[in-house]
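Please read these numbers as outputs of a predicted model, since none were measured by experiment. Just so you know, ligand 1 is whichever comes first in the structure, and atom 1 is the first atom listed for that ligand.
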Amino acid sequence: MRIELPRYAERFGAVLFHDLQKVYELDGGMLVDEAFSNPFHVIQQIPLERLHEIEKDLVIVIPVRNERLRLLEGILSGIPHACLPLIISNSQTMPIDRFRMERQAVDTFCRYAKKNYVMAHQQSPELAGLFQSAGYHALLNEEGLIRNGKAEGMIAGLLLARLLGKKYIGFVDADNYFPGAVFEYVRIFTAGLSQSSSRYSMVRIQWHSKPKISGNGLFFAKWGRVSRITNSFLNRFISQYTGFETDVIKTGNAGEHALSMDLALQLEYSAGFSVETNHFVNMFEQYGGIHGNGAAVEAMQAGVNLYQIESRNPHLHDGKEDGHLEEMIESSLSVLYHTPLCPELLRHEILEELQRLNILKNGQEPALPHRYPALAGIDFDKVVKQFDLEKHSNF
Ligand code: GDD
Ligand code: MG
């Protein structure tokens, strides 16, 4: 792959928030061109072998809830062979068992392709049992099962990826119409992760565009309604601390993102669709150095790298209704509003914005989404013995 070097970055404590990088060539060729090592070159060539090396250690978690089966098969076809797809489904099992249909489709596809996979239902007692024995009860509801929600499915995927001994974890939504875009996302994940000299890194994808039907043609929108608002407030947060206005954050809601396992296990999570914005908020909290934090000493020393990379493919996924978007705006801004680090002025601006959008009434505060502690404290060796991999996989 040939991509721009991460040239500009905003430092916030131990975190380097790198500005958007552009992809030049999705396939950068087999031979490494030495001209790219010239320090004045602004493009880098990442050798295919390096991308493959990371792919072998990369799990791609696909959270699914009642999506079209055909789309799921398309996603699998776009994931490079060396990566392990891990499907966490929260699809209905009653009265129609959609999960069974998904399982059959995935199993058949992977047998034909001779592709390894792992798949589990979010509500399976066995999956919940892993969290029970890990002593990680925050993810469980009153019935002792994993709570509903996308973030909750992602956290379940994270534990499984760790039990499988993987070093990297990426997330790709299941409602994507273009397998080629999924392929590009995974290549971007590996290219991004390959740049970090620290064990703590994250890559987030900024879609090139989101095509919409408008009149008789297509309109390629650049910014979604939610991300425009989230990015603006995350940038205001940084600006208020540094005293310099910035627009460095462009991926506040990026559903497509990947992390090194070391960082993924150390982050604290937030429920549902606030999960992606909370990555930033939690990085400010843990690595911003504002209140000091003993637990994150190693990462503070090593530094944390956040890369944002723009895809070449447009993103076409299933449109969701307005209520869903409003919920996403509220929960995204809520995690920023409720962090003890949020300056009073910014809190006030968040309330004003939510009132302007008629999401909150005067005097109301945004509801704080449920929070989940970091998984780093779990005794994984103890938990791994309980996981019946054969039952959930095709190896
Ligand atoms: N396992 C699981 N459990 N998966 C779920 C659940 C759940 O409770 N709810 C939704 N999903 C799956 C969906 O099937 C889809 O594959 C993915 O999570 C994203 O859900 P969507 O409903 O398609 O969300 P969206 O398109 O509005 O938002 C996506 O993009 C945003 C960025 O624009 C999400 O990825 C957001 O998290 C992201 O911020
Ligand atoms: Mg979607």
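- Note on ligand 1: G224 sits outside its first shell, no heavy atom being nearer than 4.0 Å.
- Not a single heavy atom of F171 sits closer than 4.0 Å to an atom of ligand 1.
- The M328 neighbourhood of ligand 1 comprises atoms 27 (O), 28 (O), 31 (C), 36 (C), 38 (C), 39 (O), with distances under 4.0 Å to a heavy atom of that residue.
- Within D175, the N, O or S atom lying nearest to the Mg ion (ligand 2) carries the name OD2.
- Under 4.0 angstrom from ligand 1, the non-hydrogen atoms of R65 come from both its backbone and its side chain.
- Counting only non-hydrogen atoms, the option in E152, K150, Q122, H315 that gets closest to atom 3 (N) of ligand 1 is Q122.
- Under the 4.0 Å criterion applied to side-chain N and carboxylate O atoms, R199 and E298 are assigned as salt-bridge partners.
- Between E184 and R312, no side-chain nitrogen of the basic residue sits less than 4.0 Å from a carboxylate oxygen of the acidic one, so the salt-bridge criterion is not met.
- A salt bridge does not link K150 to E327: none of the charged nitrogens lies less than 4.0 Å from a carboxylate oxygen.
- Side-chain contact of N282 with Y269: a donor-acceptor pair under 3.5 Å is absent, judged by distance alone.
- Nearest N/O/S atom of H317 relative to the Mg ion (ligand 2): this is ND1.
- Heavy-atom contacts of H317 reach the following atoms of ligand 1: 26 (O) (cutoff under 4.0 Å).
- Residue E67 has at least one heavy-atom neighbour below 4.0 Å for each of these atoms of ligand 1: 13 (C), 14 (O), 15 (C), 16 (O).
- By the 3.5 Å distance cut-off applied to N or O atoms, N148 is not counted among the residues near ligand 1.
- With a 4.0 Å heavy-atom cut-off, ligand 1 is reached by the backbone of D173 and by its side chain too.
- Close approach of ligand 1 to E276 is summarised as follows: ligand atoms under 4.0 Å from at least one heavy atom of the residue are 36 (C), 37 (O), 38 (C), 39 (O).
- For the residue pair N278 / S270, no side-chain donor-acceptor distance below 3.5 Å is found, with atom types taken as modelled.
- In this structure, the side chain of S332 does not engage the main chain of I329 through any donor-acceptor pair within 3.5 Å.
- The environment of R70 atom CZ is sparse: at most 12 non-hydrogen atoms of other residues, nucleotides or ligands sit within 6.0 angstrom.
- If you look at F237 and Y241, their ring centroids are closer than 6.0 Å.
- Less than 4.0 angstrom separates some heavy atom of F273 from each of these atoms of ligand 1: 20 (O), 22 (O), 24 (O), 34 (C), 36 (C), 37 (O).
- Some N or O of N90 is nearer than 3.5 Å to an N or O of ligand 1, by distance alone.
- For the side-chain hydrogen bond (donor to acceptor under 3.5 Å, both in side chains) test, no residue two or more places apart in sequence or in another chain qualifies with Q206.
- Every atom of ligand 1 is numbered from 1 in the order shown, and the set under 4.0 Å from a heavy atom of H324 is 22 (O), 24 (O), 25 (P), 27 (O).
- Of the N or O atoms in S89, none lie within a sub-3.5 Å distance of an N or O in ligand 1.
- Below 3.5 Å of separation, one finds no N or O of A254 facing any N or O of ligand 1.
- For ligand 1, the polar-atom distance check finds an N/O of I88 within less than 3.5 Å of one of the ligand's N/O atoms.
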Item to check | From CA spacing to verdict: side chain to side chain contact (heavy atoms under 4.5 Å, CB included), F284, I290 | outcome: CA-CA 8 Å; F284 298 147; I290 299 168; 5.6 Å; no

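- With a 6.0 Å radius and a threshold of 12 heavy atoms from other residues, nucleotides or ligands, F380 has its CZ atom above the threshold.
- Close N/O approach between P63 and ligand 1 is found [any backbone or side-chain N/O within under 3.5 Å].
- Among residue pairs with one or both ends in residues 84-95, none qualify as salt bridge (Lys or Arg N to Asp or Glu O under 4.0 Å); sequence neighbours excluded.
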